[in-house]
Amino acid sequence: MNDRRKSLFVPEKIDALRPFSAPLLAWYGANARRLPWRVLPTPYRVWVSEIMLQQTRVEAVVPYYERFLAALPDLPALARAPEDRLLKLWEGLGYYSRVRNMQKAAQAVVLAGGTNLPGSYEALRALPGIGPYTAGAVASIAFGIPVPAVDGNVLRVLARLLACREDIALPQVKRAFEQAAAALLLRECPGDFNQAMMELGATVCLPNAAPRCADCPVRAFCAAARAGNAPDYPYKSPKKPRVVEERTVFVVVAEHTVLLRRRAGKGLLAGMWELPNLAGWLSAEETGAVLAGWGMPEAETRALGDGKHIFSHIEWRMKGLLALPHACPPVEDGVWANAADLAERYALPSAFRPYARLLLELLARDGM
DNA sequence: AAGTCGGGGGT
DNA sequence: ACCCCAGACTT
């Protein structure tokens, strides 16, 4: 075995870092944010928080978390919830496969005769939606198992502490950091140690040019801080540019309802509801043909404003089109939804927000 | 190892 | 504009 894991970090360098855990833990004890999932860290509550927190900021998660736990207070309740309800609870959070996988995992537990998550790293890791980070987080925080939990925060903190210029986007390098984190982990309080590392990254060892080294409890141990170039870490390879797509979005309103369409079960925004939309900026002739195809050739139309929405790897540049047919004919994969349906039943992705306000006004207006 | 999958807030 | 976030899964 001659892989790079052994050459990436010199064991003596890791050993020299080990005493940093005492000031780190002391700092965490005094500065930990009071977060809902820290009040009563049961396996289910920690799990839900960790799934929501994947690629999502704490501030964005908190309101979703409270609402989700109130609606589905335990694992069996999650296992038996209708999918539409899950998506509605997740509406606007993004990465919707997270909640589907979470339910799959809950159903697997129930099917095996259980009512709660398994208490080992390996069994957690085997469940849908639980990868190396989440398995480590739930195992350490909820079960006290001494395993690391290496997220983006921890990668950044360690890259700076060790002044490591490797590309943290590479799986190989990430594994090396997990080894380092495992070596540094405090086995007496793995959950607090892991959370302290993340808390430091989230509130002090900030990304880009914003680290607050003067406020850092472990700056004496930090190689990057000593060199005065903490902002240079971590190194990441450039990501490829987003694809720009032009789309035409139809706002079709009749009889106080709007036409929604269900998206395909796979791919972007899988299974979500949407304002019907097509690729390209359609001409008047083309929009007329589309509306005729939906059984509303008589619909009066009006151009709406432009809208933009940025996904991770795609950018939608939207042109809106208002259509006012005289009735509500059935449309394939479509439903006619009123304001109450929109509020309670159909999960509409944030991409359509540019047209949401207008839509609600139209649904409330007389003669629509 | 690279691509897919959301959305929002900070700089 | 660009960054990146308590990442996981598929190809």
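Keep in mind that the numbers below use all heavy atoms, side chains included, and drop hydrogens, waters and symmetry copies. Labels below follow one simple rule: chain letters A, B, ... track the order of the sequence lines, proteins then strands, and each chain is numbered from 1. All of these numbers come straight from a predicted model, not from anything done at the bench.
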query: Taking only N and O in the side chain of A:H309, is any of them less than 4.0 Å away from OP1 or OP2 of B:dG6?
result: no
- prompt: Can you tell me how far P of B:dG7 sits from CZ of A:R353, to the nearest Å?
  reply: 9 Å
- prompt: Do A:V46 and A:E50 come within less than 4.5 Å of each other through their side chains, counting heavy atoms only?
  reply: yes
query: Considering only heavy atoms and no angle criterion, is a donor-acceptor pair shorter than 3.5 Å present between the side chain of A:T56 and the base of B:dG6?
result: yes
message: Using atom P in both nucleotides, what's the gap between C:dA6 and B:dG3 to the nearest angstrom?
response: 25 Å
query: Closer to the 5' end of DNA chain C via nearest nucleotide, is it A:D151 or A:P128?
result: A:D151
task: Report the C-alpha separation of A:Y28 and A:F193 in whole Å, then their side-chain angles, then the decisive distance to 0.1 Å, and conclude whether the ring pair (Phe, Tyr, Trp, His ring centres under 6.0 Å) test is met.
output: CA-CA 9 Å; A:Y28 179 66; A:F193 176 85; over 10 Å; no
task: Looking at every strand, decide which applies to A:W37 at a 4.0 Å heavy-atom threshold: base, sugar-phosphate, or nothing.
output: base
task: Might you confirm whether atom CZ of A:R33 has over 12 heavy atoms from other residues, nucleotides or ligands at distances under 6.0 Å?
output: yes
- prompt: Going through the distances and angles, do A:Y64 and A:W90 end up as a ring pair (Phe, Tyr, Trp, His ring centres under 6.0 Å)?
  reply: CA-CA 7 Å; A:Y64 282 90; A:W90 214 265; 7.6 Å; no
message: By nearest atom, which of the nucleotides C:dA6, B:dC5, C:dC3 is closest to the A:A202 side chain?
response: C:dA6
query: Nearest-Å distance, CG (A:L93) to P (C:dA6)?
result: 14 Å
task: Report yes or no: is the cationic atom of A:R45 (NZ for Lys, CZ for Arg) under 6.0 Å from the centre of the six-membered ring of A:W37, at an angle within 45° of the ring normal?
output: no
Proximity to the side chain of A:R57 - top-ranked nucleotide from C:dG7, B:dG7, C:dC4: C:dC4
query: Mapping A:P349 and A:P171 onto DNA chain B by nearest heavy atom, which one lands closer to the 5' end?
result: A:P171
Length of the line joining A:Q55:CD and B:dG8:C1', which is rounded to integer Å: 13 Å
- prompt: Quick one: is B:dG3 close enough that its OP1 or OP2 comes under 4.0 Å of any side-chain N or O from A:H313?
  reply: no
- prompt: Taking atom P in both B:dG9 and C:dA8, what distance in whole Å separates the two?
  reply: 23 Å
- request: Taking only the side-chain nitrogens and oxygens of A:R125, find out if one of them lies under 4.0 Å from OP1 or OP2 of C:dC9.
  value: yes
query: Looking for any heavy atom pair under 4.0 Å, which part of the strands does A:G267 touch: base, sugar-phosphate only, or nothing?
result: sugar-phosphate
query: When we call it a touch if two heavy atoms are under 4.0 Å apart, what does A:L35 touch: a base, just sugar-phosphate, or nothing?
result: base
message: Just N and O in the side chain of A:N208: are any of them under 4.0 Å from OP1 or OP2 of C:dC4?
response: yes
- prompt: Which value, in whole Å, describes the distance between the P atoms of nucleotides B:dG6 and C:dT11?
  reply: 15 Å
message: Could you tell me how far apart A:E178 (CD) and C:dG7 (C1') are, to the nearest whole angstrom?
response: 11 Å
Nucleotide nearest A:K236 when distance is taken to its side chain, options B:dG3, C:dC5, C:dA8: C:dC5
- line: Applying the 3.5 Å cut-off to both distances, the Watson-Crick or G-U partner of B:dG6 turns out to be none
statement: Regarding the side chain of A:Y96, the nearest nucleotide among B:dG6, B:dT4, C:dA6 is B:dG6
- prompt: Which one, B:dT4, B:dG6, C:dA6, comes nearest to the side chain of A:R38?
  reply: C:dA6
- prompt: Does CD belonging to A:E246 count more than 12 external heavy atoms closer than 6.0 Å?
  reply: yes
field: Length of the CD1-C1' vector between A:I51 and C:dC9, whole Å
entry: 12 Å
message: Is there a side-chain contact between A:T134 and the phosphate of C:dA8, meaning an N or O under 4.0 Å from OP1 or OP2?
response: yes
message: Any base atoms under 4.0 Å from A:Y133, or only sugar-phosphate, or nothing? Heavy atoms, all strands.
response: base
- request: Give a yes/no answer on whether the side chain of A:N153 brings an N or O atom under 4.0 Å of OP1 or OP2 in C:dA6.
  value: yes
Closest nucleotide among B:dG7, C:dA8, C:dA6 to the A:L53 side chain: C:dA6
message: With a 4.0 Å cut-off on N to O distance, would you call A:E83 and A:R100 a salt bridge?
response: yes
message: Without decimals, in angstroms, what is the distance between A:K240 NZ and B:dA2 C1'?
response: 9 Å
task: From the options C:dA6, B:dG7, B:dC5, select the nucleotide whose nearest atom is closest to the side chain of A:S350.
output: B:dG7
message: Name the residue from A:D192, A:L186, A:L185 that meets the side chain to side chain contact (heavy atoms under 4.5 Å, CB included) definition with A:E188.
response: A:L186
- line: From CG of A:L124 across to P of C:dA8 the rounded distance in Å is 12 Å
task: Can you tell me the distance, in whole Å, between the OH atom of A:Y95 and the C1' atom of B:dG8?
output: 12 Å
message: Applying a 4.0 Å non-hydrogen cut-off, can you work out what A:R242 is touching in the nucleic acid: base, sugar-phosphate, or nothing?
response: nothing
statement: From the candidates C:dA6, B:dG7, B:dA1, the one with an atom nearest any side-chain atom of A:L269 is B:dG7
